[in-house]
2 protein chains.
Amino acid sequence: MKVLSKSCVYGLRALLYIVSEKPRGAFVNIGEISEQLNISFHFLTKTFQVLTQAGILQSYRGPNGGVALARPAEEVFLIDIIHLLEGPGFFDNCLLGLAGCGEAAPCPVHDFWISHKAALKEEFRTASLAQMGARINMKKLRLGP
Amino acid sequence: MKVLSKSCVYGLRALLYIVSEKPRGAFVNIGEISEQLNISFHFLTKTFQVLTQAGILQSYRGPNGGVALARPAEEVFLIDIIHLLEGPGFFDNCLLGLAGCGEAAPCPVHDFWISHKAALKEEFRTASLAQMGARINMKKLRLGP
DNA sequence: ATATTTTAAGACATAATAGTATTAAATCTT
DNA sequence: AAGATTTAATACTATTATGTCTTAAAATAT
Ligand code: SF4
Ligand code: SF4
């Protein structure tokens, strides 16, 4: 059940690493993140560039440089990251992917799919990086191998 | 939110077309299906070959040939098709796709993901082709463009 | 028997995703 | 100012997913 692309999974894991492991606003070395989470450095860098250009992260070059959250972790939600890295219509095009689908012309799986999809979307919409970071520390959840 | 591969979506739509449009056990021309559902004939044929070899379909060549369900539509469930066309571990490897994950070493999204996943799996596990076919006819649901 | 229809099988082509490498630009240290 | 560090940007390669085409095999019809 592969729902998210690698790029998106990496982005989420990396952001959660930052908020759970580092003091707020701190610049974190991308090399460190890629090492800790076992993600390709260059690939992660590319993913971060999207987030930086979108204003989720800010970056700083040179020694002691890195990336840091550009906004308070309370104001960044998982759905924002997903929409950036998977495309804005991520929660629109669904299971059978018929053209012009929806309530008006539903496919056979519409009824039981649409509710689960909406519920899932709501979870991502309301889960902030701050919340998730706190939970990770509280419950000692893992982000890598 | 792309969950299923094209191959799997085509397979599902095609099987649902057979059970909803044709008398039970009838052999249906693949060309007709591909035309009605606007699916590439050759691609659909390849997908059907998997289902045939797995004993979901039986096939017959030559004039008036085609494919037909090899078992009663009551005994074939959507999850069977999904497992065949997406791989048997489809409902196992999930959101962040960490190695060796699960209850013992959960990732941050485990809690809210695992329940939705299980619910969804249950829907597919209990939805038979017969049920779906009946619903399609009853509610005039669509399988194609 | 021969030609026609239809699925089976596999080769081939294209596109999307994932991963790697190179060079450039910014910042720091000395 | 010079060199080291680190992200940015771009180009390149590899893998997978998707789609097309060709040939073979089975069955029918004439
Ligand atoms: S579940 Fe609804 S919105 Fe999704 S493909 Fe089916 S008809 Fe369209
Ligand atoms: S949700 Fe649970 S099973 Fe899925 S990747 Fe996270 S830890 Fe593993």
Side-chain angles (χ1 to χ4, degrees), chain A residues 1-15 18 26-70 82 84-87 89-90 93 96-97, chain B residues 1-15 18 26-35 37-70 82 84-87 90 93 96-97:
Chain A
M1 194 153 186
K2 185 180 158 290
V3 175
L4 301 174
S5 67
K6 289 282 186 181
S7 188
C8 188
V9 167
Y10 292 167
L12 287 171
R13 286 171 57 201
L15 286 173
I18 294 174
F27 279 85
V28 189
N29 185 300
I30 299 181
E32 174 192 331
I33 304 175
S34 74
E35 217 169 284
Q36 291 295 316
L37 301 185
N38 196 31
I39 299 172
S40 151
F41 169 78
H42 291 289
F43 199 29
L44 182 56
T45 297
K46 276 200 300 192
T47 300
F48 274 160
Q49 282 165 21
V50 176
L51 300 178
T52 301
Q53 286 172 355
I56 300 286
L57 291 173
Q58 57 188 133
S59 69
Y60 208 80
R61 301 193 230 202
N64 304 316
V67 292
L69 279 184
I82 293 175
L84 277 169
L85 297 176
E86 297 284 357
F90 183 70
N93 41 317
L96 297 193
Chain B
M1 192 149 183
K2 184 181 157 293
V3 174
L4 300 174
S5 68
K6 288 284 185 185
S7 187
C8 188
V9 166
Y10 293 165
L12 287 171
R13 286 172 57 204
L15 286 174
I18 294 173
F27 280 85
V28 189
N29 185 300
I30 300 181
E32 174 192 329
I33 304 176
S34 74
E35 217 169 283
L37 300 184
N38 197 30
I39 299 173
S40 151
F41 168 77
H42 290 289
F43 200 30
L44 183 57
T45 297
K46 278 200 299 192
T47 299
F48 273 160
Q49 282 166 20
V50 176
L51 299 178
T52 301
Q53 286 172 357
I56 301 286
L57 291 174
Q58 57 188 134
S59 68
Y60 208 79
R61 301 193 230 201
N64 304 315
V67 292
L69 278 184
I82 293 175
L84 278 170
L85 297 176
E86 297 284 357
F90 183 71
N93 41 319
L96 297 192

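Every chain is numbered from 1, with letters handed out A, B, ... down the list of sequences.
- Residues passing the salt bridge (Lys or Arg N to Asp or Glu O under 4.0 Å) test with A:E32 are A:K22, sequence neighbours excluded.
- The stretch residues 3-10 of chain A touches DNA chain C through A:S5, A:K6, A:Y10, each having a heavy atom under 4.0 angstrom from the strand.
- Near DNA chain D, meaning a heavy atom under 4.0 Å away, the residues from residues 44-56 of chain B are B:K46.
- The side chain to side chain contact (heavy atoms under 4.5 Å, CB included) test applied to B:L84 returns B:L51, B:A54, B:I56, not counting sequence neighbours.
- Computed from coordinates, the B:Q58 CD to D:dA26 C1' distance equals 15 Å when rounded to whole Å.
- Atom CD in A:E35 sits about 14 Å away from atom C1' in D:dT6, given to the nearest Å.
- For B:T45, the side chain to side chain donor-acceptor pair (under 3.5 Å) test picks out no residue, with sequence neighbours left out.
- Smallest separation of non-hydrogen atoms from A:S7 and A:T47: OG-OG1, 3.1 Å.
- Atom CG of B:N29 and atom P of C:dT4 are 18 Å apart (whole Å).
- Scored by the side chain to side chain contact (heavy atoms under 4.5 Å, CB included) test, B:K6 finds B:Y10, B:F43 as partners (sequence neighbours excluded).
- For the pair B:S40 and D:dT20, the criterion of a side-chain N or O lying under 4.0 Å from OP1 or OP2 is met.
- Note that the NZ atom of B:K46 and the CD1 atom of B:I30 stand 13.0 Å from one another [nearest 0.5 Å].
- Between C:dT6 and B:S59, no contact under 4.0 Å exists linking OP1 or OP2 to a side-chain N or O.
- Along DNA chain C, the nucleotide nearest to A:K2 and the one nearest to B:I30 differ in position, and the one closer to the 5' end is contacted by B:I30.
- Going from atom CZ of B:F43 over to atom C1' of C:dA11 covers 15 Å, rounded to whole Å.
- For residues 48-69 of chain A, no pair satisfies side-chain hydrogen bond (donor to acceptor under 3.5 Å, both in side chains), with sequence neighbours left out.
- C:dA18 atom P lies 16 Å from atom CG of A:N38, rounded to whole Å.
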> What does nucleotides 22-29 of chain C look like as a protein-contact string, B for base, S for sugar-phosphate only, - for none, at under 4.0 angstrom between heavy atoms?
Replying inline: B--BBBSS

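- Between A:F48 and A:A14, the closest heavy-atom pair is CZ-CB, 3.4 Å.
- Evaluation of the side chain to side chain contact (heavy atoms under 4.5 Å, CB included) rule for B:V9 yields A:L96, B:L4, B:R13 as partners, not counting sequence neighbours.
- Between B:I33 atom CD1 and B:I18 atom CD1 the span is 4.0 Å, to the nearest 0.5 Å.
- The distance between atom CZ of B:F41 and atom P of D:dT22, rounded to the nearest whole Å, is 14 Å.
- Taking the side chain to side chain donor-acceptor pair (under 3.5 Å) definition, one finds that B:S5 meets it with B:E86, sequence neighbours left out.
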